[in-house]
Amino acid sequence: MTLRIGNASGFYGDRFDAMREMLTGGDLDVLTGDYLAELTMLILGRDRLKDPGAGYARTFLRQLEDCLGLAHERGVKIVTNAGGLNPAGLADAVRALADRLGIPVRVAHVEGDDLTSAFPGSLAAHAYLGGFGIAACLRAGADVVVTGRVTDAALVTGPAAAHFGWKETDHDRLAGAVVAGHVLECGAQATGGNYAFFRDGDVRRPGFPLAELHEDGGCVITKHPGTGGFVDIGTVTAQLLYETAGARYAGPDVTARLDTVRLGQDGPDRVRIEGVRGQAPPPTLKVGLNRLGGFRGEVVFVLTGLDIEAKAALVREQMEPALGKAADVRWELVRTDRPDAPSEETASALLRLVVRGPDQEVVGRALSGAAVELALASYPGFHVLAPPGKGSPYGVFEDVYVPHGAVDHVAVLHDGRRVPVPPAHDTAVLDPVPEPRLPESLPSGPTRHAPLGLVAGARSGDKGGNANVGVWARTDDAWRWLTHELTADRFQQLIPESRELPVTRHVLPNLRALNFVVEGILGAGVAARHRFDPQAKALGEWLRSRHLDIPEALL
């Protein structure tokens, strides 16, 4: 017995047509959509400040207007976290849409994640719930299930538990579904999108992924026939490493052991996942805490031609009087210029000024005015990338943890009945996993100074203020070299901004992968826009571009 679960959204703003493509492209039992991220919760929180009836992903409603009839005709259940901060509101809106379209669907929702009132000063504080509220809705006959903040993988564990009759203690089966859900959650990232070796296939318009789940928790990751992109062991490995850390991937339903995952190519665009082991979940739930951190202003000065350093020093000195009242001032000189350049753009460097503080005027108009006044009175060739504007609000994200019993997890069924979802009664503290045994190093031989990316892939992402960089080898010999060469110390040498930060390396031999966690590199999280790449999306590609002495036998 196989359950086919597809994905049609990896974030709020993903490809609008994906829902229709997934419903018409092949067989499906369940279609999921992930619309939430740390930044999205902040955006929805600000929406709710303006309109108490807002707080959910309106894009989902527009997609459903086009596709609800299709899903009903094909018997496809829809499960989504698009409810955001207001799942009851979105459920009501879906019912109103269905009534208007004359489509008889049963709509349920899950609530209990909102803990904002327990954290004074927060804009939005939401616990990451598991999948058993979703399962309760589906078991009662729901056609559409809307949730707020659940784990991304819960969109798969819930339908799987409902379909196969799994219990809370079926840890291995649940762990397999968590791994499948993690692969699906980011949409086209599993089918060649954002992939290090993107030239291996046609990724101009990758299709969206689906998982063929089995009763034992194993699955096959694939996509609809004829859609773009590709699915292979590399694309699945990359997504498994995305925004994870060590051997344990903890969630409210189960702790999945990523070090037990085994991958195998099961035919064209088919990757088999098996062997996943699970353990009881930890005794606490993660809560994502979003608050407004203040205001932010930015000016990017363009420095062209000769004397770049001197020009930067001049404008910094001229701007200094206007910056005295800002709480945080950051200058960054980006040397994109080159000598004897064939175009003005390639002759130019960028000097980026970012200021933050509690006073919007100080980081907004006062900063803007000071920059504009320099237009005819500063370095030769003075101009900026965009006119300075008023200070914009920025957010701060942090994780906190509460006991399972601190939330009232409730499945609100399509007929209005409220079914409490009991907290996990079987939990286990996350003890450290012993370091796995490393393979023998490669024999010594001639080397060439070359980019790491010639022999290894990488994918990176954010978790609050931390970043992770997953690095994997494509062959056994490359793995033997990589695991001895790319230590945490070597990582810090290659990524200079990590040198003063804690860096932890996790080894995953089954995936021929290393996963590095860099603590604090993103400051207060993506909404604070602490660095040039605030979500660390390209940190892995920067690492792949760095040069090492690589054995010629691998090149």
Side-chain angles (χ1 to χ4, degrees), residues 10-11 14 34 37-40 152 182-200 203 206 233-247 249 258 261 397 399 451-474 478-479 482-483 485-508 511-548:
F11 69 101
D14 210 342
D34 180 8
E38 293 168 2
L39 180 60
T40 313
D152 300 335
H182 182 59
V183 174
L184 295 187
E185 70 183 59
C186 289
Q189 278 197 171
T191 57
N194 298 354
Y195 182 52
F197 304 106
F198 64 96
R199 291 184 292 180
D200 285 357
V203 296
I233 289 176
T235 65
V236 173
T237 298
Q239 182 56 27
L240 280 173
L241 296 172
Y242 182 64
E243 294 183 346
T244 60
Y249 187 53
L258 297 183
V261 175
F397 177 89
D399 297 337
L452 172 64
L454 295 182
V455 296
R459 178 167 287 168
S460 54
D462 65 307
K463 280 294 181 186
N466 301 338
N468 93 288
V469 184
V471 185
W472 76 95
R474 305 181 87 182
W479 169 239
L482 182 71
T483 190
E485 174 65 23
L486 195 57
T487 62
D489 289 343
R490 194 79 174 98
F491 181 97
Q492 289 177 305
Q493 293 173 15
L494 296 170
I495 305 296
E497 65 181 300
S498 73
R499 290 175 185 170
E500 304 301 320
L501 301 171
V503 175
T504 305
R505 184 180 91 151
H506 302 279
V507 182
L508 300 169
L511 300 177
R512 292 192 301 227
L514 306 171
N515 213 339
F516 295 88
V517 177
V518 187
E519 296 180 33
I521 193 170
L522 303 179
V526 56
R529 297 173 66 186
H530 178 75
R531 66 192 294 272
F532 167 69
D533 174 17
Q535 290 181 279
K537 295 290 190 182
L539 189 58
E541 285 301 291
W542 178 23
L543 178 66
R544 292 182 69 235
S545 74
R546 299 307 308 270
H547 286 56
L548 300 86

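Below, all heavy atoms of this structure are taken into account, side chains as well, without hydrogens, waters or symmetry copies. Here the structure is a predicted model, which is why all the values come from computation and not from measurement.
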### Task
Start with the C-alpha distance between Leu241 and Leu508, add both sets of side-chain angles, then the distance that settles side-chain contact (heavy atoms from CB on, under 4.5 Å), and finish with yes or no.
CA-CA 10 Å; Leu241 296 172; Leu508 300 169; 3.8 Å; yes
### Val236 and Leu240: CA distance, side-chain angles, deciding distance, side-chain contact (heavy atoms from CB on, under 4.5 Å) verdict
CA-CA 6 Å; Val236 173; Leu240 280 173; 4.2 Å; yes
### Test side-chain contact (heavy atoms from CB on, under 4.5 Å) applied to Val518 and Phe491, step by step
CA-CA 10 Å; Val518 187; Phe491 181 97; 3.6 Å; yes
### Message
Would Val455 and Leu482 count as a side-chain contact (heavy atoms from CB on, under 4.5 Å) here? Give the steps.
### Response
CA-CA 9 Å; Val455 296; Leu482 182 71; over 6 Å; no
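A pairwise comparison of heavy atoms in Leu539 and Ala467 identifies CD2-CB, 4.1 Å as the closest pair. Of all heavy-atom pairs spanning Gly540 and Ala458, the tightest one is O-CB, 3.7 Å. Taking each heavy atom of Arg505 and Thr483 in turn, the nearest pair found is NH1-O, 2.7 Å. Leu501 approaches Gln492 most closely through the heavy-atom pair O-NE2, 3.0 Å. Heavy atoms only, all atoms of each residue included: Leu486 and Phe516 are closest at O-CZ, 3.3 Å. Between Leu522 and Asn466 the shortest heavy-atom distance is CD1-O, 3.3 Å.
Rounding to the nearest 0.5 Å places NE2 of His547 at 10.5 Å from CG of Leu452. Atoms CD1 and CG, from Ile521 and Asp533 in turn, are 9.0 Å apart once rounded to the nearest 0.5 Å. Taking NZ of Lys537 as the reference point, atom CG of Asn194 lies at 7.0 Å (rounded to 0.5 Å). For the atom pair Tyr242 OH and Lys463 NZ, the distance stands at 8.5 Å (nearest 0.5 Å). Of the inter-residue distances, the one linking Glu185 atom CD with Asp152 atom CG reads 4.0 Å to the nearest 0.5 angstrom.
Residues satisfying the salt bridge (Lys or Arg N to Asp or Glu O under 4.0 Å) criterion with Asp14, sequence neighbours excluded, are absent altogether. Residues satisfying the side-chain contact (heavy atoms from CB on, under 4.5 Å) test with Glu485, not counting sequence neighbours, are Trp481, Arg490, Leu548. Asp34 meets the side chain to side chain donor-acceptor pair (under 3.5 Å) test with Asn81; sequence neighbours excluded.
Relative to the six-membered ring of Phe197, Arg474 meets both conditions, a distance below 6.0 Å and an angle of at most 45° to the axis.
A donor-acceptor pair is defined here as one N or O able to donate and one able to accept, closer than 3.5 Å; such a pair exists between the side chain of Asn515 and the backbone of Ala245. Remark: side-chain polar atoms of Ser460 are not paired, donor with acceptor, to backbone N or O of Val469 under 3.5 angstrom. Side-chain atoms of Gln535 never come within 3.5 Å of backbone atoms of Gly461 as a donor-acceptor pair (strictly under, hydrogens ignored). For Gln239 (side chain) and His182 (main-chain N/O), a donor-acceptor pair under 3.5 Å exists by modelled atom type. Counting only distance, with no hydrogens or angles, the side chain of Arg459 and the backbone of Thr237 share no donor-acceptor pair below 3.5 Å. A donor-acceptor pair under 3.5 Å links the side-chain atoms of Arg499 to the main chain of Gln493, judged by distance alone. Side-chain N or O atoms of Asn468 include one that pairs as donor or acceptor with a backbone N or O of Glu243 at under 3.5 Å. Here the side chain of Arg512 pairs no donor or acceptor atom with the backbone of Trp479 at under 3.5 angstrom.
In this pair, Trp472 and Tyr195 present their aromatic rings parallel. The plane angle is below 30°, not in the 30 to 60° band.
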